[in-house]
2 protein chains.
Amino acid sequence: MATMNDVAKAAGVSTSTVSYVLSGKRTISEETREQVLAAIRKLDYSPHSGARSLASSRSNVLGLMVPLRADVNVSVIMQFVAGVVTTARDYNQDVLLLTQDDADGIHRVTSQSIVDGLLMMDIEARDPRIPQLAKLRKPAVLIGFPDDPLGLSCVDFDFAAASRTAVRHLTELGHRSIGFIGSPQASLERHATYADRARKGFEDACHAAGITAALRACEPTSAALAVALNAILSAPEPATALVVHNEGLLPLLREALAVHSLQIPKDISVVAIAPEDAAMAAAHPWTAVSIPAHDIGRAAVEMVMDRLNSDKPVEIRLITPSLVQRETSAARS
Amino acid sequence: MATMNDVAKAAGVSTSTVSYVLSGKRTISEETREQVLAAIRKLDYSPHSGARSLASSRSNVLGLMVPLRADVNVSVIMQFVAGVVTTARDYNQDVLLLTQDDADGIHRVTSQSIVDGLLMMDIEARDPRIPQLAKLRKPAVLIGFPDDPLGLSCVDFDFAAASRTAVRHLTELGHRSIGFIGSPQASLERHATYADRARKGFEDACHAAGITAALRACEPTSAALAVALNAILSAPEPATALVVHNEGLLPLLREALAVHSLQIPKDISVVAIAPEDAAMAAAHPWTAVSIPAHDIGRAAVEMVMDRLNSDKPVEIRLITPSLVQRETSAARS
DNA sequence: CTGTTAGCGCTTTCAA
DNA sequence: TTGAAAGCGCTAACAG
């Protein structure tokens, strides 16, 4: 492997000149720059990341802690990760994968200077990782919205607004009793903030509009869905519309409603809170408030890089939802 | 941050002694070892990964190239990745995430010595990345089974054997005409090797057993499934059993068969080739040949580490399938 | 606009 | 069983 020294010799300049050509931190005459670049090409030179990180105390790697748990929405995670990785590349960073159960992963990758900053997915209301992150001298961004961010940056989808938007759409269509089918109980119990906030937003919106609301947590299985629907549809004022915040249920929903002799959207309207692709992957695409997972990933990277490169203040961003009406919502009959 | 030098001074030894205590590459008296470890704890010392990789030419990072494409099975990927990351930690390695569309990611992370080795998911029959990998001086493991591995290690699930196992199970139950519903056409067209081999195994097994076979590729949507089933069930000798290698279709299958007035397993048997959790996530769990994604991830890491640490020869491993009968297969009526 | 040089923090050979 | 010291390849302060 060629080193920077080899390049310098081949180009007839000093190593610092090569370094500055590469970093752009100094103005270089067009002539020597050409020479250096030619030598780099000729020798097929690449800088050694370890040497660079030793000298500059920057690794050009971001740590991303991902839940590989089963009760979270896998396809949203994938999209989010895709957003993170592609944006990281725009900043010339690579992404190191950490898992939730790697107990001291945070300590390891920061204390050894493996990463320059951290992105934490799936943050809970009182996440024990937050105090740990707050002590670090490396920037961290929380994906989620905890009770107390302890001075860390946060970014998330505005799930409360998503529910409000869904409810507004349905009330405008004349519905006066709406059911909410949410994330599995497990997500609620560990206070994944997205689950809590979507529920809360739904309750508040229904209350403000004077609408009858019925909420159920639900596992992504036919059996659980049947139970949830029974509860919602056998109430004194049965729902004429549903908000579903659980993409795993979408493929099962039509069949489950058929049991109650209900057709979508003739007898019952449905709004999904789900990623775009899940909403579209059906013969009759769902009216949906889509979760822009890719954009959240992008925003998260932008926010760590801001804190890494400048002294921009800590930021809290909530990504605004928007609803697209498709084939599953209609005026109340 | 404390350096190794600080530790050496605090313990009253030389830096090399500290280094050897940490690496274990030299025998150290119990007494000095204690002293060193005490100093490490007291100063909360962690080695600097950049410095280490510069001096040792080992980064302790493995690169993992993941498809963030939509037509592949997301939950299998997640399980596989989980297997990779947890096993990597057992070898004291971290995992860097690369995406399929990061065109020169392979070159970047290897030439800059960011990674010690590479794991490549979703290998196609004539994958253009293979010649590129074969030229590197870093070990690589292919997850998949290409036409020509060019001397690289490979590991994969034995999809052909999976189909054969499924067919054997069904013939033992008396079925003489079996349909195969496979991966989307897109997967076949780019010759994802898993799709090809599962099909081939099915055809061969049916032929060998003198069974009538009907094969269809299928997108994971209700509409596509309806088309595929129409074709399979309107044949001269309609299938009395199905092998389904497409987990996205499982939640849709009962409803689609009901259209033909067929109940599982009374009128038609079904064997899924799918990850365990997909097979279990139903009111009536599927008889299935399960894809042990986690184990494949583990095996892949073991194989890179073998090539990194020793001169073990290149290896080709096919993970043997096993079938579990559950509620969706029964004797032909 | 460019060169010299002192580190960055670790590993490992050589010497004792 | 231990220490001294020469790098590993790069960055950036200092000097011109």
Side-chain angles (χ1 to χ4, degrees), chain A residues 1-37 39-40 43-61 92 108-114 116 137 308-309, chain B residues 1-37 39-40 43-61 92 108-114 116 137 308-309:
Chain A
M1 281 282 82
T3 71
M4 188 176 270
N5 222 322
D6 300 333
V7 173
K9 280 181 199 152
V13 299
S14 70
T15 59
S16 61
T17 299
V18 177
S19 176
Y20 285 119
V21 165
L22 254 20
S23 70
K25 292 188 179 175
R26 194 189 228 184
T27 47
I28 306 276
S29 74
E30 199 45 38
E31 198 186 337
T32 59
R33 135 181 262 95
E34 291 299 342
Q35 244 128 42
V36 169
L37 291 177
I40 287 177
L43 299 180
D44 189 24
Y45 165 76
S46 302
H48 186 287
S49 76
R52 169 177 284 176
S53 95
L54 178 57
S56 68
S57 23
R58 280 288 190 104
S59 66
N60 290 310
V61 172
N92 193 32
R108 178 167 39 84
V109 299
T110 53
S111 68
Q112 303 188 8
S113 296
I114 296 175
D116 294 335
R137 289 186 309 298
L308 216 44
N309 294 329
Chain B
M1 281 281 83
T3 71
M4 188 175 270
N5 223 324
D6 300 333
V7 173
K9 278 181 200 152
V13 300
S14 70
T15 59
S16 60
T17 298
V18 177
S19 176
Y20 284 119
V21 166
L22 254 21
S23 70
K25 292 187 179 176
R26 193 190 233 187
T27 48
I28 305 276
S29 73
E30 199 46 38
E31 197 186 338
T32 59
R33 136 182 261 95
E34 292 298 342
Q35 244 129 42
V36 169
L37 292 176
I40 287 178
L43 299 179
D44 189 24
Y45 165 77
S46 304
H48 186 288
S49 76
R52 169 177 283 178
S53 96
L54 178 56
S56 68
S57 16
R58 281 287 191 104
S59 66
N60 290 310
V61 172
N92 193 32
R108 178 166 40 82
V109 298
T110 53
S111 68
Q112 302 187 9
S113 296
I114 296 175
D116 294 335
R137 288 186 308 298
L308 216 43
N309 294 330

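Here is the naming used below: chain letters follow the sequence lines, and residue numbers restart at 1 for every chain.
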Touch class at under 4.0 angstrom, heavy-atom based, for B:Ser16 against every strand present: base
Segment of DNA chain C, first to last nucleotide, that comes within the 4.0 Å heavy-atom reach of chain A: C:dC1 to C:dG9
Residue-level proximity of residues 18-26 of chain A to DNA chain D when a heavy atom falls under 4.0 Å: A:Ser19, A:Tyr20, A:Lys25, A:Arg26
Partners passing side-chain hydrogen bond (donor to acceptor under 3.5 Å, both in side chains) against B:Thr110 (at least two apart in sequence or in another chain): none
Side chain to side chain contact (heavy atoms under 4.5 Å, CB included) against A:Glu30, all qualifying residues, sequence neighbours excluded: A:Arg33, A:Glu34
Residues that A:Arg58 engages under side chain to side chain contact (heavy atoms under 4.5 Å, CB included), provided they are two or more places apart: A:Ser56, A:Asp116, A:Leu308, A:Asn309
Distance, nearest 0.5 Å, that separates OG of B:Ser19 from NZ of B:Lys25: 8.0 Å
Nearest non-hydrogen partners of B:Met1 and B:Asp6, listed with the distance: O-OD2, 4.1 Å
Nearest-0.5 Å distance, CD1 of residue B:Ile40 to CD of residue B:Gln35: 12.0 Å
From B:Arg52 atom CZ to A:Ser113 atom OG, the distance as rounded to the nearest 0.5 Å: 12.0 Å
Separation between OG of B:Ser49 and CZ of A:Arg108, rounded to the nearest 0.5 Å: 11.0 Å
Touch class at under 4.0 angstrom, heavy-atom based, for B:Thr32 against every strand present: sugar-phosphate
Non-hydrogen side-chain atoms of A:Val13 and A:Tyr20 separated by less than 4.5 Å: no
Given DNA chain D, 5'-ward residue of the pair A:Thr15 and B:Glu31, judged by closest heavy atom: B:Glu31
Set of residues satisfying side chain to side chain contact (heavy atoms under 4.5 Å, CB included) with respect to B:Ala55, sequence neighbours excluded: none
Angle of first-five versus last-five pair axes in the helix from C:dC1-D:dG16 to C:dA16-D:dT1, to 10 degrees: 30°
Main-chain N/O of A:Ser53 paired with A:Ser59 side-chain donor or acceptor, under 3.5 Å: no
Counterpart residues, side-chain hydrogen bond (donor to acceptor under 3.5 Å, both in side chains), relative to B:Ser46 (two or more places apart): A:Ser111
Sequence-distant partners of B:Thr17, side-chain hydrogen bond (donor to acceptor under 3.5 Å, both in side chains), two or more places apart: B:Ser14
Range on DNA chain D touched by chain B, heavy atoms, distance below 4.0 Å: D:dT1 to D:dG9
Test side-chain hydrogen bond (donor to acceptor under 3.5 Å, both in side chains) applied to B:Asn60 - qualifying residues, sequence neighbours left out: none
Near-strand residues of residues 46-54 of chain B, defined as heavy-atom separation under 4.0 angstrom from DNA chain D: B:Leu54
Contact nearer the 5' end of DNA chain C, comparing A:Ser29 with B:Met4: A:Ser29
Main-chain N/O of B:Asn5 paired with B:Thr15 side-chain donor or acceptor, under 3.5 Å: no
